Peer 1: 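Okay, handing you the structure first.
Quick note: numbers below take in every heavy atom, side chains included, and nothing from hydrogens, waters or symmetry partners. Just so it is clear, the structure is predicted and the values come from calculations on it, not from any experiment.
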Amino acid sequence: MLGDVFNAQFIASSIRVAIPLALAGLGGVFTEKSGVVNIGLEGMILTGAFTAVAVTNFAKNPWVGVLAAILVGIFLGLIHAITCITFKANQIVSGVAINLFASGITIFFCWLLFGETQIMVKNNLPIWGLSLPNIGEASTLVRNLIVIFAHHSPLVYLTIIIFLLSHIVIYKTPFGLRLRSVGEYPQAADTMGVNIVKMRYIAVLTSGALAGLSGSFLSLEQAHFFVKEMSGGRGFIALAAMIFGKWTPFGTAGAALLFGFGEALSIRLQGVSAVPVQFINMIPYLLAIFVLISAVGRAIPPAASGVPYEKEIV
Amino acid sequence: MPEIALEMKNITKRFPLVVANDKVNFSVYKGEIHALVGENGAGKSTLMSILYGLYQADSGEIFINGKKANISNPNIAIHLKIGMVHQHFMLVPPLTVAENIILGMEPRKNHFFIDMEKAIKKVEELSESMGFKIDPEAKIENVSVGIQQRVEIIKVLFRGAEILIMDEPTAVLTPQEVEELFEILRSLKKQGKTIIFITHKLNEVKDLSDRVTVMRRGQVVGVKNIKDTNQEEIASMMVGRKVIFKVEKKPLNLGKVTLKVEKLEALNNKGLPAVKDISFEIKEGEILGFAGVEGNGQTELVEVITGLRPASSGKIFLNNRDITNDSPRSIREDKIAHIPEDRRRRGIISDYTVAENLILGSHYLSPFNKGLSLNFAVINNHANHLIKIFDIRPSDKDNLLKSLSGGNQQKVIVARELYGEPKLLVAAQPTRGLDVGSIEFVYQQILNERDKGKAILLISADLEEILSLADRIAVIYEGKIVNILDPKKTNEKEIGLLMTGSTKNKELLKVK
């Protein structure tokens, strides 16, 4: 039975399930490194998921849908940035507001435009990479390798590139150095002439873009439909992945894979096991709780995360 | 007439509650070390923040090398070759020395990437030019305060600064580190740099600078050549009246042992031993001073005595009664008063009024509390009474604490803690960040308590304070008492060596 569950297909599906978590988690890394907490990721994913399907169906082109999801993510990011950075409002409240807004607005437009609460994707993204050999044409090993590494949606490869680039940007470029300083000790960055407001805006908009992209993957690729509340807490699990990954891109990717594994397992076990499905559905969430508890002692967030920047009055 | 590097004319800056700078004129010659002195709140930091572009003046003009400058942000100041070393270091702890130095002006390779090799080389060159070595790849959170300050200086030089503003640079240093800093500053002066040195320590002004500008209440009260003046004159210019520098102490009149600490051990927040095998006694009418570089267990020791941190072993006795690991409330009820080191975090609630702050800790007791509610008639009377005795300004009991100056906030704490007639007063850094007038007041209160026969535990990073107040001085290093000295038979130098764990004093260690 284990062989039925843990095969190449399963690993490939873990990767696919991990992608939305990883992208949104990376968005979390950017904003928190800059000192802004963004729990609105959940709502941004949801809005991205809806926008992607809606625009894809109208434009008859999934790439336009993906782009639209990113833009909508950036727009929500902009709202969060204006509230939190320019107006120095409470970042948690702003994030909650975005989540509530997203859950209402998506279902509103869903009814308005399509007259139903679930819409199917009419134009799917292509699969890139090598084609799957038929059984007998290649050895099992080769076939498995192709299934795991080389037979995915373009967004999977894009995600990998985004992670590599993010690592380089955060740790090897002047922008990254400034980003890290702004989230740790903005007063110091300010005296060095770093524009804190600009850095934080860029970071929050980036997180919106990544969350929007995450949502588009979720609906276009993973589910092939949009349904209300389909983000299902992924924004929060993404934040858990970010924390477990110690606010680094690669750490977050690793943590997202772990959570993806949990979710893929819960999907896979539904047909196989005698355990009631409700318990199996808990697996990713339990995993998140367990991982966070075990990581709490060691996880040190950027020192200024969540604190609006104000010049001190002497 | 020497060349003028910098001139600020008629600078005025208003904040909602105060005029921080009132038509200030300030000028500095090229290549001099110019001291800027004044009490806290005199407007020195505001003036320098305006010069560095952190604030905009409401009116007035700035000239750099004779040219009018409009410094609207720090970038422009940096461009004009002005650099500032802040009192609270502007360093990002998890980043490395080199990263902190290049932040905002990173050398690049291939246009997009940081050229870390070049950065490291430049950092090494600059540190060698001032005669010291530094590890560019060490993380700031792992290096000492003295090193951090050097990083700040290199950071400023890296930006090509010709005018350096040093905001109270010696406040956090040991006497040895201060001497080393002065060497560095003198070598910078030799390289032709202009240095503005903000301080309230007048002996430093005398030792280091060429000229001094004195500020009081937002105005410049005078500019003097160091050769033509003395400490007393500068001090009286600062406060507008004569200051007693020699603390007048009555002869020691010892009573019974009040506090006895035996083989006390405690852990710090990281779970490492911070207080190691500490034993001492304090008698009635005595001030025991703890001298030591901050972070050598003083904070933890105070917290254990006041019940805020558990002792891992050892005993604390108050009048022969074991109070080890009692709750903070029960310890307060035993009449141990505490002036905490971190005023804002532990001493006051800044969003509460003066009257409310004055009853914290006894708010649950009669007469302040009647049944389920607070008795505001009594609380207000109590507040008005203490405001008068301790001269808390402004004298309105309904002001929020955060609207008071640091000195007056401290007066509120002192008033509250002394009101209950404590048997033991634990005073940790009681004058930190206070101006000369408030310091004098706090000294008076502490000495009054001593003369009334109270036992006092004084912890201070300011050696002068310890030397002038304490009847005995315990030097603490890495959580241990290195030695207990008689202030009459020691000096800053000896204490300074002991508190840095200097190896020259191995014999002393053995004696203990």
Peer 1: Do A:Ser34 and A:Tyr201 get their side chains close enough for a donor-acceptor pair, meaning under 3.5 Å?
Peer 2: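 A:Ser34 vs A:Tyr201: no donor-acceptor pair found between side chains.
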Peer 1: Among A:Asn195, A:Thr191, A:Thr173, who wins on heavy-atom pairs under 4.5 Å with chain B?
Peer 2: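 It is A:Thr191.
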Peer 1: Less than 4.5 Å to any heavy atom of chain A: does that hold for the side chain of B:Met116, its backbone, both, or neither?
Peer 2: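 It is neither, since no heavy atom gets under 4.5 Å.
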Peer 1: What distance do A:Ile160 atom CD1 and A:His152 atom NE2 have between them, rounded to the nearest 0.5 Å?
Peer 2: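 The NE2 atom of A:His152 is 7.5 Å from CD1 of A:Ile160, to the nearest 0.5 Å.
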Peer 1: Determine whether a donor-acceptor pair (N or O, by modelled atom type, separation under 3.5 Å) exists between the side chain of B:Lys155 and the backbone of B:Met84.
Peer 2: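 No; zero donor-acceptor contacts below 3.5 Å.
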Peer 1: What part of B:Tyr52 is in contact with chain A, defined as an atom under 4.5 angstrom from a non-hydrogen atom: side chain, backbone, both or neither?
Peer 2: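 Contact with chain A is through the side chain of B:Tyr52 alone.
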Peer 1: Among B:Arg159, B:His86, B:Glu106, which has the most heavy-atom pairs under 4.5 Å with chain A?
Peer 2: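 The candidate making the most pairs under 4.5 Å is B:Glu106.
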Peer 1: Need one label for B:Ile78: side chain, backbone, both or neither, based on atoms under 4.5 Å from any heavy atom in chain A.
Peer 2: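 Only the side chain of B:Ile78 comes within 4.5 Å of chain A.
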Peer 1: Hey, which of B:Val92, B:Leu91, B:Ile114, B:Val156 has the most heavy atom pairs under 4.5 Å with chain A?
Peer 2: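 If we count pairs closer than 4.5 Å to chain A, B:Ile114 comes out on top.
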Peer 1: Is the distance between the ring centroids of A:Tyr171 and A:His167 under 6.0 Å?
Peer 2: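 Distance test on ring centres: under 6.0 Å, yes.
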Peer 1: Do B:Gln219 and B:Asp22 have side-chain atoms, one donor and one acceptor, less than 3.5 Å apart?
Peer 2: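 B:Asp22 and B:Gln219 do have a side-chain donor-acceptor pair below 3.5 Å.
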